[in-house]
Trainee: 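This is the structure I have questions about; it appears just below.
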Amino acid sequence: DAGVIQSPRHEVTEMGQEVTLRCKPISGHDYLFWYRQTMMRGLELLIYFNNNVPIDDSGMPEDRFSAKMPNASFSTLKIQPSEPRDSAVYFCASSARVTHHNEQFFGPGTRLTVL
Amino acid sequence: AQTVTQSQPEMSVQEAETVTLSCTYDTSESDYYLFWYKQPPSRQMILVIRQEAYKQQNATENRFSVNFQKAAKSFSLKISDSQLGDAAMYFCAQTNSGYALNFGKGTSLLVTP
């Protein structure tokens, strides 16, 4: 299996622009998580899905952030408009709770820089 | 609210020696899981070891082992025979059944020759 795939690996954009991050979970996994990592706040959950349905989005910073999972093999995290404080590494992770005992498999992350 | 605390921002160990990284957590749940993840400079998050709260036996994975003290809500990671490749950020994390990981702030481990 290819593991969790994220694209792009790096994104540099200007303040006010729309940014879309993409994630392909491991086939067969029924949970998908989006995390954000910053020096100040560490690793924090943004949102997670179970069977393509958003379960907890309480970590989404504000209305500028939105996430979708149109099918079991694809999810997006969108920021519109982007701001410099959104600069961070964004991780996608997936898991199959029953078979993997809650282990989450992480993608390589997307490093976002907003100028 | 669940919290995970790693009180050691940085640790250093000599090659071939043993080091222990500390972690405490707080949860009101009785069924939960604990993890140690490693993040090298490549930033890839790699699972090191996992512990189910209902298991009394401490988990071990080759040179990595944990000391799980459920009553004290403590979950430390011991790395034996440290290698240069062990240098990384180490994150302790806790989750209830089926839900998101709650991470500590991390411990940066330096391994010296």
Side-chain angles (χ1 to χ4, degrees), chain A residues 2-6 8-11 23 26 29-51 53-60 67 87-113, chain B residues 1-10 21 23-25 27 29-55 57 59 61 64 66 68 75 88-108:
Chain A
V4 176
I5 299 172
Q6 290 187 248
R9 293 291 306 275
H10 305 273
E11 177 79 31
C23 175
I26 293 173
H29 283 193
D30 54 350
Y31 282 83
L32 184 138
F33 304 83
W34 283 100
Y35 294 92
R36 179 172 67 176
Q37 185 177 29
T38 61
M39 289 295 293
M40 290 297 294
R41 300 176 66 88
L43 277 154
E44 52 183 349
L45 174 74
L46 297 177
I47 185 171
Y48 79 92
F49 297 82
N50 179 215
N51 292 322
V53 176
I55 303 299
D56 183 355
D57 65 355
S58 60
M60 297 285 264
S87 297
V89 178
Y90 291 82
F91 286 101
C92 176
S94 69
S95 72
R97 179 170 62 88
V98 173
T99 56
H100 290 287
H101 305 287
N102 285 31
E103 177 182 350
Q104 294 184 19
F105 297 80
F106 282 76
T110 295
R111 179 176 293 280
L112 173 65
T113 303
Chain B
Q2 300 173 112
T3 57
V4 177
T5 303
Q6 294 179 249
S7 58
Q8 307 152 317
E10 293 181 351
L21 308 184
C23 173
T24 58
Y25 60 93
T27 180
E29 303 291 331
S30 58
D31 182 21
Y32 55 89
Y33 298 78
L34 296 162
F35 303 86
W36 280 98
Y37 278 87
K38 170 185 178 181
Q39 187 179 41
S42 68
R43 79 168 179 252
Q44 178 70 51
M45 295 290 286
I46 302 165
L47 179 67
V48 174
I49 200 164
R50 170 184 59 224
Q51 175 81 42
E52 291 88 345
Y54 63 86
K55 290 186 176 179
Q57 187 174 6
E61 288 288 342
F64 298 87
V66 299
F68 173 47
F75 182 60
M89 283 291 290
Y90 286 81
F91 292 95
C92 179
Q94 182 255 335
T95 181
N96 298 333
S97 181
Y99 303 109
L101 289 166
N102 189 26
F103 288 93
K105 294 295 187 186
T107 296
S108 177

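Letters A, B, ... mirror the listed sequences (proteins, then strands); counts begin at 1.
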Trainee: Relative to chain B, which segment of Met39(A) carries a heavy atom at a distance below 4.5 Å: side chain, backbone, both, or neither?
Mentor: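 Answer is neither: Met39(A) stays 4.5 Å or more from chain B.
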Trainee: What I'd like to find out is whether the side chain of Phe91(A) reaches to under 4.5 Å of the side chain of Gln39(B), using heavy atoms alone.
Mentor: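 They are in side-chain contact.
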Trainee: So which atom in Gln37(A) and which in Phe91(B) form the shortest heavy-atom distance, rounded to 0.1 Å?
Mentor: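 Closest heavy-atom pair between Gln37(A) and Phe91(B): NE2-CZ, 3.5 Å.
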Trainee: Flag yes if more than 12 heavy atoms outside Arg43(B) fall under 6.0 Å of its CZ atom; otherwise flag no.
Mentor: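 Counting other residues, nucleotides and ligands, CZ of Arg43(B) exceeds 12 neighbours.
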Trainee: Does any heavy atom of chain B fall under 4.5 Å from the side chain of Leu43(A), the backbone, both, or neither of them?
Mentor: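 For Leu43(A), backbone and side chain are both near chain B.
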Trainee: Examine whether an atom of Glu44(A) lies under 4.5 Å from a heavy atom of chain B, and if so say whether it belongs to the side chain, the backbone or both; otherwise answer neither.
Mentor: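 It is neither, since no heavy atom gets under 4.5 Å.
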Trainee: Any idea which of Gly42(A), Gly109(A), Ala93(A), Gly59(A) has the most non-hydrogen atom pairs under 4.5 angstrom with chain B?
Mentor: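 Counting heavy-atom pairs under 4.5 Å, the top option is Gly109(A).
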Trainee: Short question: side chain of Arg50(B), backbone of Glu103(A) - any donor-acceptor pair under 3.5 Å?
Mentor: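 Flag not set: sc Arg50(B) to bb Glu103(A) has no pair under 3.5 Å.
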Trainee: Can you tell me if Tyr35(A) uses its side chain to pair, donor with acceptor, with the backbone of Leu101(B) under 3.5 Å?
Mentor: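 Side chain of Tyr35(A) to backbone of Leu101(B): a pair is present.
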